[in-house]
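Have a look at the structure below, then the notes.
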Amino acid sequence: MKTILLTGFAPFGADTFNPSWEALTLLPDRWSGVRLVKRRLPVAYDRVAGLLAQAVEEVRPDGVLCIGQAGGRTGLTPELVAINWKDAVLPDNDGVQYGGVPICPEGPAAYFATVPVKEMAAAIGQAGVPASLSYSAGAYVCNTTMYCLLRLLEGRYPDLQGGFLHVPYACEQVLGRPGVPSLPLPLIAEGIQAAALAVAEGLERAENRP
């Protein structure tokens with residue numbers, strides 16, 4: 001049985017709800033031969049890397065998929081790349097704001113996801129959930145999380161696969177805001193579940209290669 005560590009975030013900004021975490025609470029702990037372990041992370045540039053490293057050390061998963069909210073997107077979007085940059089108008093939940101600095105001055109300019117992002121997008125779509133591949137995780141805490149995850153795995157857990165998945169607003173968040181894209185929370189959860197299974201299947205394929 002493969003173990004996939006799934007992380008979501010606390011609410012941030014003006015929101016009191018974050019579908020990246022709330023959707024995870026709808027998922028089973030075991031499903032289709034995959035064990036799902038869930039952790040909630042703070043929306044905090046300077047704390048997220050340490051807490052993520054602690055979770056990986058505790059769980060010792062086979063793969064890690066971090067999940068965050070991308071308001072305005074119309075579907076679930078596996079991220080291909082994380083850049084070594086922090087730059088956003090919105091402060092994080094600790095009140096920290098970065099206007100354009102590296103995440104890790106000695107690190108590479110970018111890291112590419114090691115999970116099978118195209119297969120994830122296809123699996124999500126086959127589950128009946130809108131999905132597409134994304135080439136930008138932005139420069140807010142989601143991007144920092146993805147970058148720090150991949151740097152951690154490269155340095156300490158080279159056999160683990162890791163990546164990031166953005167989800168759109170849940171319908172509950174856009175009441176009174178006509179025209180803002182959203183999806184029902186159970187549908188978001190189904191998409192995440194399909195993505196996690198695609199990660200597990202990718203791990204199985206890698207093990208069976210001659």
Side-chain angles (χ1 to χ4, degrees), residues 1-13 15-44 47-49 51-71 73 75-79 92-93 113 115-117 120-121 123-125 127-131 134 137-138 140-146 148-149 152-153 160-174 182-203:
M1 176 177 288
K2 297 299 181 187
T3 296
I4 307 298
L5 173 62
L6 300 173
T7 71
F9 284 106
F12 66 98
D15 287 314
T16 58
F17 181 99
N18 193 322
S20 71
W21 173 251
E22 298 301 332
L24 293 187
T25 67
L26 302 181
L27 296 183
D29 294 332
R30 283 175 172 78
W31 170 76
S32 193
V34 180
R35 176 176 174 246
L36 303 178
V37 180
K38 307 132 191 175
R39 294 286 187 272
R40 191 169 92 152
L41 297 174
V43 181
R47 291 192 289 136
V48 71
L51 292 170
L52 184 57
Q54 180 181 337
V56 173
E57 178 65 24
E58 290 175 355
V59 176
R60 293 300 180 106
D62 299 291
V64 185
L65 182 60
C66 298
I67 300 149
Q69 171 189 292
R73 296 194 184 182
L76 278 64
T77 51
E79 298 292 347
D92 70 9
N93 283 358
V115 293
V117 290
M120 287 166 58
I124 296 167
V129 184
S134 171
Y140 192 50
V141 178
C142 287
N143 175 74
T144 294
T145 302
M146 182 179 176
C148 291
L149 168 67
L152 171 70
L153 298 188
L160 270 62
Q161 291 188 8
F164 199 96
L165 175 69
H166 266 122
V167 302
Y169 285 132
C171 295
E172 297 93 319
Q173 294 173 275
V174 301
S182 66
L183 289 174
L185 190 64
L187 198 63
I188 293 174
E190 288 180 24
I192 294 172
Q193 194 167 327
L197 181 58
V199 172
E201 290 175 344
L203 290 164

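Predicted, not measured: the structure shown is a model, and the values here were computed from it.
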Discussion item. Under a 3.5 Å distance rule, please check whether N18 uses its side chain to pair with a backbone N or O of S20 as donor and acceptor.
Written reply: yes
Discussion item. Would you compute the distance between atom CG of L41 and atom SG of C142 and round it to the nearest 0.5 angstrom?
Written reply: 10.0 Å
Worksheet entry | Value rounded to 0.5 Å, distance of CZ in R30 from CZ in R35 | 5.5 Å
Worksheet item: Just wondering, do L76 and P130 contact through their side chains at under 4.5 Å, heavy atoms?
Response: no
Discussion item. Looking at every non-hydrogen atom in both residues, tell me the closest pair between T145 and C66 and how far apart they are.
Written reply: CG2-SG, 3.9 Å
Response to the item:
Scanning both residues in full, the closest heavy-atom pair of I67 with F164 reads C-CZ, 3.8 Å
Worksheet item: Can you name the closest pair of heavy atoms from L185 and E22 and give their distance?
Response: CD2-CB, 3.9 Å
Discussion item. Is there a side-chain contact (heavy atoms from CB on, under 4.5 Å) between L26 and L24? Walk through the geometry before answering.
Written reply: CA-CA 5 Å; L26 302 181; L24 293 187; over 6 Å; no
Discussion item. If we ignore hydrogens and angles and just use 3.5 Å, is the side chain of Q173 paired with the main-chain N or O of F17 as donor and acceptor?
Written reply: yes
Practice prompt. First locate atom CD1 of I4, then atom CG of L203, and finally report the distance between them rounded to the nearest 0.5 Å.
Written response: 5.5 Å
Practice prompt. Starting at CG of L52, measure out to CG of L153 and round the result to the nearest 0.5 Å.
Written response: 8.0 Å
Discussion item. Looking at every non-hydrogen atom in both residues, tell me the closest pair between V167 and P19 and how far apart they are.
Written reply: CG2-CG, 4.1 Å
Worksheet entry | Side-chain heavy-atom pair I124, L165 within 4.5 angstrom cut-off | yes
Discussion item. If I compare all heavy atoms of I188 with all of P168, which pair ends up nearest, and what's the gap?
Written reply: CD1-O, 3.8 Å
Worksheet entry | Heavy-atom donor-acceptor pair, N93 side chain to P11 backbone, under 3.5 Å | yes
Worksheet item: When you measure from the side chain of D62 to the backbone N and O of K2, does any donor-acceptor pair fall under 3.5 Å?
Response: no
Discussion item. Whether R73 and E79 form a salt bridge (side-chain N of Lys/Arg under 4.0 Å from carboxylate O of Asp/Glu) is what I want to check.
Written reply: yes
Worksheet entry | Minimum-distance pair of heavy atoms, taken over all atoms of A44 and V141 | N-CG1, 3.9 Å
Fill in: C171 side chain near L183 side chain, heavy-atom distance below 4.5 Å
no
Worksheet item: Can R47 and D92 be counted as an ion pair, charged N to O under 4.0 angstrom?
Response: no
Worksheet item: Rounded to the nearest 0.5 Å, how far does OG1 of T25 lie from CG of L27?
Response: 8.0 Å
Worksheet item: Under 4.5 Å between any side-chain heavy atoms of H166 and P78, yes or no?
Response: no
Practice prompt. Mind checking the CG-CD spacing from L5 to E58? Nearest 0.5 Å is all I need.
Written response: 10.0 Å
Practice prompt. Evaluate side-chain contact (heavy atoms from CB on, under 4.5 Å) for D15 paired with Q69, printing each intermediate quantity in order.
Written response: CA-CA 11 Å; D15 287 314; Q69 171 189 292; 3.5 Å; yes
Discussion item. Quick one, L152 and V56 - any side-chain contact, counting heavy atoms below 4.5 Å?
Written reply: yes
Listed pairs under 3.5 Å, donor-acceptor, residues 189-202 side chains, sequence neighbours left out:
none

Discussion item. The criterion is ring pair (Phe, Tyr, Trp, His ring centres under 6.0 Å); which residues satisfy it with F12, sequence neighbours excluded?
Written reply: Y140
